[in-house]
Amino acid sequence: MAYDHKRIEDFWRKEWRTRGTYHVENDTAKPKYYVLDMFPYPSGAGLHVGHPLGYIASDIVARFKRHSGFNVLHPMGYDSFGLPAEQYAIQTGQHPAKTTEDNAARYREQLDRIGFSFDWSREVRTSNPDYYKWTQWIFLQLFNSWYDPKADKARPIAELIARFESTGCQGQDAEVLTGDIEEAIGPFTAAEWKNFSERTQQMVLQYFRLAYLSDAWVNWCPALGTVLANDEVKDGVSERGGHPVERKRMPQWSMRITAYAQRLLDGLDDLDWTTSMKEAQRNWIGRSEGASVRFGLTPSPSPGERGTPPADPRFRETADPAIWSKLDVHAKDMRKNPTEAEDKLWEQIRGNATGGRIRRQHIIDRFIVDFVSLPKQLVIEVDGDIHDLQQEADAARTERLKELGFEVIRFRNGEVLHNAAEVRDRIIQALNERPNFAQRDELEGGTEAHSPLSPGEGPGERSGEGAIEVFTTRPDTLFGVTFLTLAPEHELVQALTTDAQRTEVEAYVKASTNRSERERQAEVDKVTGVFTGSYAKHPFTGKDIPVWVGDYVLAGYGTGAVMAVPGGDQRDWRFAKHFGLPIIAVTEGADIGKSADERKDAVICSEGFLKGLKVADAIPRAIQELEKLNAGEGRINYRLRDAAFGRQRYWGEPIPIYYKDDIPYPLPESELPLVLPEVDKFLPTETGEPPLARAKNWTYTPKPDRAHAPLSPGEGTGVRSGDAGAYPLETTTMPGWAGSSWYFLRYMDPHNEGRFASPEAINYWQQIDLYMGGSEHATGHLLYFRFWTKFLFDRGLIPFDEPAKKLVNQGMIQGVSAIGFASKGMTSSNLGAVPFEDQSDGRIIHTIDGEKRELPFSEKPTRYFFSSDVVESISPDSNFGYESDRTEVRFDVSCVHDGVLNFDQLMARDSRSEFTDGIYVTWDGIWHKGGFHEFVNEDHGFDKVDGPEFTLRGKKDFLTQPEVEKMSKSKFNVVNPDDIIEHYGADTLRLYEMFLGPLEQSKPWDTHGIEGTSRFLRKFWNLFFEGDILSVSEEAPTEVEQKVLHATLKKVTEDIGKMSFNTSVAQFMIAANELGALKCHKRDILEPLTIALAPFAPHIAEELWSLLGHSDSITTAKWPQWHARFLEESIFSYPISFNGKTRMQLEFPAELSKEEVEAAVLANPEVQQRLEGKAPKKVIVVPKRIVNIVL
RNA sequence: GCCCGGGUGGUGAAAUGGUAUACACGAGGGACUUAAAAUCCCUUGGUCCGCAAGGGCCGUGCGGGUUCAAGUCCCGCCCCGGGCACCA
């Protein structure tokens, strides 16, 4: 009987499903094994042959473990929240839930066809409310936790509050990793804590929560209308779509992953992950050891710096809480659309121009004032014409403001427009006349007024008072410091700038903040900077050190300031060289005229206590001295930043937070899941708010009577009545990585309604034993995954703090694109759109005869593929003129065979319009106008050329060039597994994907090679048949047959352990070839071999198993053991080498000793002949391996 | 620049310091067949000598080294892929 893959695979797919063959129970006496694949985002393009590679490998392991007596959890699901479905929704209006549903169904169909042993009853989808209820729940746990640095773990926020209530916060608890409580509010006693308003208390707590709201610098992507996490940005553009990204400061939900930096680093040591994976994580975390050093400030040259007695945080609560949020929307709006006069004045008084900070459109009580200095309690109003009509109202307003202690000064529109500078001076004068009502006006670092609940997290906020604090990894080079450099965003820049330097500094700061990340990166080689005019004191020498501003210093790392050691740091050296600053040698033997000496094994040559010490010894010594002087201390810095958690998008988990008086409060657990509301459009609102702001009644009304009642059916909807006590809900949603940060736990107990997973299930399944997925998740998913796991561990919710013991990254299967070339200046995307007339450089075609001919365009040709530039460079000998500027056009690879395009197939498959009408030029320089098919097809092609006559010559085939690159729909190089399965069967596909090469390696897909594995399966099948008749004999196997079997079992068993599947498949082929040659049809050989093959090719194995007379599934069969006794050789054929070069083979009994072999070899006449009578210098015999004779 | 991988036939690739190129594709030749498909068999790293049987030399990116023996270990380069990157 012929091997009929279709019949067999269809049958067993159905059979497995009806029998529930792959259903997994939680409670068994068997040992567990957890094999997990990174779940896919179900994209509209479906699977290509690259996707299943890892799934096949993990499926083999899962099946192998099952045969080996383990209870194996091998689930699959969908990471179903994400941008593409939302983008599609924006374009078409189709709800992302529908798109996701359709795509997932298609994925399921494709996955099923490949024969995976997934237990689909455990499927999870991150966009399913039953699932994201628990994502939200975990968010609430994070919100309600803080990181205790002493216990080095997360604890409930309630414990922190209790601590504040009993002992306050005197600084020792304040070692939080982002935002420094000392800076924000200073130490407070228990009594003070109790006196704080709720708002202040909540603000303080934001500094500690693991999920927190703050004003933060974010990666804002205008094209996507959302913020992105650091790992979602590559080279200054968004990883998805490649849109530009800018730095922007805005209120933002973040995850305090930095609290876990050290543990994320330490945890790597015990994991069985590849070194490159671990290194990528280590790089990302970026720990560096060094010191923080404080350079004292000489008295401030600017009126901006004042004394800093403790702040009264309540001072900032200037708005009437009841209507704050409503007013804030207006205030924001007004800030965005200022009047001309307001704008003009703002230019004059913004920043530190008046010597203190002015806020605009700030809310005081029930009013939005134009400008205000809070410390001086001075309101500045600019009256437009409209004010004339409402003087009465203004009077009342002024009255009320005066009651609150504010002075109001008014200017007329005209005054400002006419002479803004004068108005500014009058404001400065008025300010100087006012006493300082609050000494500290900075509780947040933004330049706009906003919610008082925005703890600052800006550069430099950790700087000590009256000092510039820097971080350095080389405190040993302190004596080489010749200047300090501040990032342009550093908060002290304004204060330190002297009047003489002000214009220059402000221009510089403005210019560098306006530059996008991308521009900055592009101009990395440019040295720019400006002197502030101020000096700081060197902690050791007491010398004055000039303070500069330079954008080579990053605001976000360390303190946003560096001590520049041009003798020891190349960047500082370049800066010094450029601005003519002194360069002092810090190390012996340095040639500082040419470059800085960055050697870490050098000896310090600076005069003083470090002289003569090696770098390694000088570093601790310098730190010691700094500590003595209280001018610094040892410090560890991490590159890792807190992760932006809010997304201004629709298709994500709603963040379960509501706002009362602008304070974020967690929704009670009983309100979960907070279901995504319906919206009319999936776009931001006209005022720029996220799509959820479009939802009707997106508010929450607490129901005190039912606060503790269990969730009843129908509840938990986000749509709530808009009654008076309704509070607005958070409108940003969670990022894509939220749902994928804990999904492995849900598979353990996917239908649990009362908990994310039962403790029993978690205790049984524990960690992932084998995690399979792409290496591109090294710094994103895998870091967050580990972070959440550690957090859940800290809070006692799970008994382990790493999710995956072993991680294997499958390589990428690349596509082979078929490429043709179009003219310079055109891209494949605009190719179809450019009218020919507009392409001035496309008009002339140069033929290989060297003639130039003008193309006729009486018939308005619109498109072309090969134009003058390409053709011009073609000569008969040149390789088609590759080097010229060109634009690549990719043809659907399924229409290309051996590089030759089959146009009939192309016409049938590819509807791109440029194929129907255009101008085409071949490799040989022959051009043609008309439909692509007319051109390419020999049968009715070239004859149809009209216009000036051209000689036809050379190849008539339309040749393409192959190029190996990422397999993707947009490159037209996708190979669909469905087509392969249709033709060859799923088992062949599985075997072939494994046979391609080592799992972790990237390799191009080449469908040709599949014949080999297809042939193998037919050979294997035929071992069970003689002609058309099933023929399996019960005869006892011979020694040779046993040897083939056991060698195969040994190799395959060992190779699965090593994840070396390509060599396993090769071994199966060897076995089939040898048994075929032996005409072996014996059950004792074929049955164990079938079990061994089952993980790789489950359908055919199951079929043969049933043909062998078994009624239960082969998945229940015990893995066959190999026995060494069948592999023992009685005769070993020794390779005999002379001076390491093999020259002959000699057979000896395997049990012969070293000496016996040596004697026998030397006695051999052929050997004697080679020795030519001379005695060998040395004879090395490695029993059962080799003999080497040294002459 | 720093940190990880990797470089072996025409191609995908094998090889605990021990016969380099297993297995497969492709190519060439042959058998079966009216023919085709399918199947099976042989050859297939380069080069030189030989009518042939057979034999010599060279070969795992380049140059050194360790060793009886190196694709494998060590040192120094070159190239390719990936990660990080004015991170102080």
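In what follows, every heavy atom counts, from backbone to side chain, and hydrogens, waters and symmetry copies are set aside. Order of the sequence lines sets the chain letters (A, B, ...), proteins ahead of strands, with each chain counted from 1.
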In terms of side-chain heavy atoms of [X], which of [options] is nearest?
X        : options                   : answer
K1019(A) : rC86(B), rU19(B), rC40(B) : rC40(B)
L996(A)  : rC86(B), rC68(B), rG12(B) : rG12(B)
L554(A)  : rC86(B), rC23(B), rC4(B)  : rC86(B)
T1063(A) : rA24(B), rG18(B), rA15(B) : rA15(B)
N1188(A) : rA85(B), rA69(B), rU39(B) : rA69(B)
N1062(A) : rU39(B), rA13(B), rC84(B) : rA13(B)

Considering only heavy atoms and no angle criterion, is a donor-acceptor pair shorter than 3.5 Å present between the side chain of R641(A) and the base of rC87(B)?
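Yes.
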
Under the 3.5 Å rule, do the base of rC84(B) and the side chain of N283(A) count as making a donor-acceptor pair?
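No such pair is found, so the answer is no.
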
Value in whole Å for how far the P atom of rA88(B) lies from CD of E598(A):
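Rounded to whole Å, this separation is 10 Å.
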
P gap between rA38(B) and rU72(B), integer Å:
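Comparing P positions in rA38(B) and rU72(B) gives a spacing of 42 Å.
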
Parallel, tilted or perpendicular for W1005(A) and Y992(A), by the 30°/60° rule?
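The rings of W1005(A) and Y992(A) stand perpendicular, inter-plane angle above 60°.
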
Does a side-chain N-to-carboxylate-O contact under 4.0 Å join R294(A) and E633(A)?
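Yes, R294(A) and E633(A) are salt-bridged.
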
Does Q570(A) reach a base, just sugar-phosphate, or nothing at all? Heavy atoms under 4.0 Å.
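If one applies the 4.0 Å heavy-atom cut-off, Q570(A) turns out to touch nothing in the nucleic acid.
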
Just call it for D572(A): base, sugar-phosphate, or nothing, with non-hydrogen atoms closer than 4.0 Å on any strand.
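Nothing, no heavy atom under 4.0 Å.
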
